Amino acid sequence: MSFDTADSRLSAIHQRIARAAKIAARDSGDITLIAISKTHEADAIRPLIAAGQRAFGENRVQEAAAKWPALREETVGVELHLVGQLQSNKAEDAVALFDAIHSVDRPSLVAALARAMDKADRRPPCFIQVNIGNEPQKGGCAAADLPALLAEARAAALPLAGLMAVPPLRVEAAPYFALLAKLARDNGLAGLSMGMSDDFETAVTIGATHVRVGTALFGARA
Ligand SMILES: *Cc1c(COP(=O)(O)O)cnc(C)c1O
């Protein structure tokens, strides 16, 4: 991507978010753009930081731990989101490193995160990930299990921000976004982490509060 700049890529995404928000009569200030920097080196991330981007997302604790402490030292106000599956034995690392966790999907992880938060006295907001297309290979709790998992999360005093989902590939995402939005409404949750490079505008029109955009900002991953 030598033909354009991080600055122009970032402002193009912001314009597209603003246009989609306008269609839905939403305030684009209510939508957080999370730049998904997984697999990209610090040198690819710095230009986006210089262009003003502050919310970033990674899908692996280890990779984030290797890249972000140094980047954070260079930059004020970085906000780091975990968007990938989390093993319970990495809960302490995740709580120490991330400012939000989007992949809470089972009771054992709720318990591990609650323990880690108590121990660290640090409480990053959590999204419950829903396996919105009922795909066996995907993370997320089944929609049918959501009320019970939410009850456990609330009983454990996990700070709940909302719901997150990754809809099935190569099919129209809108019905899945609409279902996630309904589940959030039904369960009294405000946050909706949904929408990626190919469908974030659709997600914004359906109520996304957090869109997770990688490829459209950084180019294709190796
Ligand atoms: C990689 C990833 C993204 C970003 O995907 P793009 O299609 O590159 O925008 C968003 N959400 C999750 C959970 C991811 O793993």
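Whatever order the structure lists ligands and atoms in, that order sets their numbers, starting from 1. Quick caveat, the model's predicted, so the values are computed rather than measured.
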**Q** Please list, in number order, the atoms of ligand 1 under 4.0 Å from a heavy atom of V213.
**A** 9 (O)

**Q** For atom CG of D121, decide whether the heavy atoms of other residues, nucleotides or ligands shown that lie under 6.0 angstrom number more than 12.
**A** no

**Q** Using a 4.0 Å cutoff against the non-hydrogen atoms of R212, which atoms of ligand 1 qualify?
**A** 4 (C), 9 (O), 10 (C), 11 (N), 12 (C), 13 (C)

**Q** Heavy-atom contacts with M164 under 4.0 Å: which atoms of ligand 1 show up? List them by number with element.
**A** 13 (C)

**Q** Among all protein heavy atoms, pick out the one at the shortest distance from atom 5 (O) of ligand 1; state its residue, atom name and that distance to 0.1 Å.
**A** M196 CE, 3.7 Å

**Q** Quick one: nearest non-hydrogen protein atom to atom 13 (C) of ligand 1, plus distance?
**A** V83 O, 3.3 Å

**Q** Tell me whether R54 at atom CZ has more than 12 heavy atoms from other residues, nucleotides or ligands lying less than 6.0 Å away.
**A** yes

**Q** For ligand 1, does K138 get within less than 4.0 Å through its side chain, its backbone, both, or neither, judged by non-hydrogen atoms?
**A** neither

**Q** Check each atom of ligand 1 against the heavy atoms of T215 and keep those under 4.0 Å away; list them by number with element.
**A** 6 (P), 7 (O), 8 (O), 9 (O)

**Q** Out of R221, H81, K38, whose heavy atom is nearest to atom 2 (C) of ligand 1?
**A** K38

**Q** My understanding is that only one of T205, D199, V204 makes a side chain to side chain contact (heavy atoms under 4.5 Å, CB included) with F177; could you say which?
**A** D199

**Q** Does any N/O atom on V166 come nearer than 3.5 Å to any N/O atom on ligand 1?
**A** no

**Q** Tell me every residue that passes side chain to side chain contact (heavy atoms under 4.5 Å, CB included) with P107, counting only those two or more places apart in sequence or in another chain.
**A** L149, E152

**Q** Among all the protein's non-hydrogen atoms, which is closest to atom 9 (O) of ligand 1, and how far away is it?
**A** S197 OG, 2.5 Å

**Q** List for me each residue that meets side-chain hydrogen bond (donor to acceptor under 3.5 Å, both in side chains) alongside H210, sequence neighbours excluded, and say none if there are none.
**A** none

**Q** Salt bridge check: are D99 and R122 linked by an N-O gap of less than 4.0 Å?
**A** yes

**Q** Hey, is CG on D30 packed in by over 12 heavy atoms from elsewhere, all under 6.0 Å?
**A** yes

